[in-house]
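Keep in mind the model is a prediction, meaning the values are calculated, not measured.
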Amino acid sequence: MPPTIHLVRHAQGVHNLSVENESIHDPDLTPLGESQCAELRAAFPSHDRITRLVASPLRRTVNTCLLSFGEPRLLPVVALDCLQEVSDAPCDTGSSKDALRAEFGDSIDLARVSDAWTDKAAGPFEPTLAKLTARGRESRRALREIAKDGDVVAVSHGGILHFVTDDWQDIPEGRATGWANCECRSYQFADPTGEDEDAALVETEESRRRRTTSKPLSGVEKRQMRAVVQERMIPYLKIKA
């Protein structure tokens, strides 16, 4: 059976409470966010099938992963810097690897995190459309490699998850994402041979039925929608021109 990638947006963070809170550096979860993790943990039907846990290295995603899925056999959580959120706002800029080690200890594996992962002024984490598209592809390739042993949970952020999934449907007007806090969607790789350079993902029918009545788009329709929606979302995602 091909591996399933369960993608999860982090639970409610302090920065989600107000625009002013977006100036907080690498914020943690709110009490409601912690409750959302408990609800996801209770509702998730496939804990026994998960072989690895993956998360963006921001604190709210690591904590969501640990609270929702953490158990000794699945630790440490593999941190992927390519899964971090898109903007260069303080709330979307991570902490140093030393600070993460001090907080999470042996519960996190930082081997795949660059020392420069918090630098969003230039380099691969600069929030431009081209670099975010490249990050989405890098994330898919990394997840395909990690999923060789079975199903994987990956906790990330509402903005970058659209680039990871290349799904731009059902995003409310004036919003930066169509993902709710602690929402889980499940995917498999379109090419089961693992030869696809793009490592494209396809949402499972069960996952799609849970959340939408919209019909899947054709390849042409998806490209057209991507261009239109990305242009509309640039101010909300805080992407550089």
Side-chain angles (χ1 to χ4, degrees), residues 3-18 21-22 24-80 83-85 91-92 94-95 99-110 113 139 143 146-147 149-162 164-165 167 170 172 175-187 203-204 206-212:
T4 298
I5 309 296
H6 302 282
L7 296 177
V8 179
R9 184 189 176 198
H10 63 80
Q12 186 190 67
V14 175
H15 67 299
N16 293 136
L17 297 177
S18 67
N21 282 6
E22 292 177 6
I24 299 172
H25 174 245
D26 198 6
D28 204 348
L29 302 178
T30 64
L32 174 59
E34 293 176 358
S35 297
Q36 290 171 335
C37 293
E39 291 172 3
L40 175 58
R41 190 180 191 98
F44 186 75
S46 305
H47 285 284
D48 59 328
R49 295 181 54 83
I50 301 304
T51 61
R52 300 294 294 276
L53 298 178
V54 178
S56 152
L58 278 102
R59 297 175 61 246
R60 60 187 180 270
T61 38
V62 177
N63 277 318
T64 297
C65 192
L66 291 171
L67 290 172
S68 303
F69 302 98
E71 57 179 279
R73 73 176 181 88
L74 295 174
L75 299 181
V77 174
V78 177
L80 288 182
L83 282 176
Q84 68 176 291
E85 187 57 302
C91 64
D92 294 334
S95 302
L100 293 172
R101 287 191 192 97
E103 181 171 359
F104 297 108
D106 293 338
S107 294
I108 191 170
D109 176 1
L110 296 168
V113 178
S139 299
L143 290 170
I146 293 169
D149 296 327
D151 294 2
V152 169
V153 164
V155 183
S156 188
H157 307 264
I160 193 63
L161 280 168
H162 288 290
V164 175
T165 62
D167 184 351
D170 302 321
R175 293 280 303 279
T177 183
W179 290 67
N181 287 123
C182 240
E183 180 178 355
C184 177
R185 303 182 191 179
S186 303
Y187 296 79
E203 189 171 8
T204 66
E206 180 183 2
S207 174
R208 190 170 182 85
R209 283 198 303 269
R210 282 199 308 263
R211 67 178 187 84
T212 185

Report the residue from His10, Glu103, His25 that forms a side chain to side chain donor-acceptor pair (under 3.5 Å) with Arg59.
Glu103

Where is the tightest heavy-atom contact between Ala147 and Ile5, given as atom of each residue plus distance?
CB-CD1, 3.6 Å

With a 6.0 Å cut-off on the ring centroids, do His6 and Phe69 count as close?
no

Can you give me the closest heavy-atom contact between Leu58 and Asp92, atom names plus distance?
CD2-C, 3.8 Å

For the residue pair Ala55 and Cys65, what are the closest heavy atoms and their distance?
CB-CB, 4.2 Å

Under 3.5 Å, side chain of Asn21 to main-chain N/O of Val14, donor-acceptor pair present?
yes

Counterpart residues, side chain to side chain contact (heavy atoms under 4.5 Å, CB included), relative to Arg52 (two or more places apart):
Val78, Ile146, Val152

Between Asn16 (side chain) and Gly13 (backbone), is there a donor-acceptor pair under 3.5 Å?
yes

salt_bridge(Arg211, Glu203) N-O dist < 4.0 Å
yes

Keeping the roles fixed (side chain from Ser156, backbone from Leu83), state whether a donor-acceptor pair exists under 3.5 Å.
yes

Partners meeting salt bridge (Lys or Arg N to Asp or Glu O under 4.0 Å) with Arg9 (sequence neighbours left out):
none

Do any pairs count as a side chain to side chain donor-acceptor pair (under 3.5 Å) and have a residue in residues 40-50, sequence neighbours left out, and if so which ones?
Arg49-Asp151

Cut-off 3.5 Å, side chains only: do Asp26 and Ser95 have a donor facing an acceptor?
yes

Looking only at heavy atoms, which two atoms of Ser68 and Cys182 are closest? And how far apart?
OG-SG, 4.4 Å

Looking at Gln36, is its backbone amide N or carbonyl O close enough to the side chain of Gln12 to form a donor-acceptor pair, meaning the two atoms are under 3.5 Å apart?
no

Looking at Gly178, is its backbone amide N or carbonyl O close enough to the side chain of His162 to form a donor-acceptor pair, meaning the two atoms are under 3.5 Å apart?
yes

Charged N-O contact under 4.0 Å between Arg185 and Asp170:
no

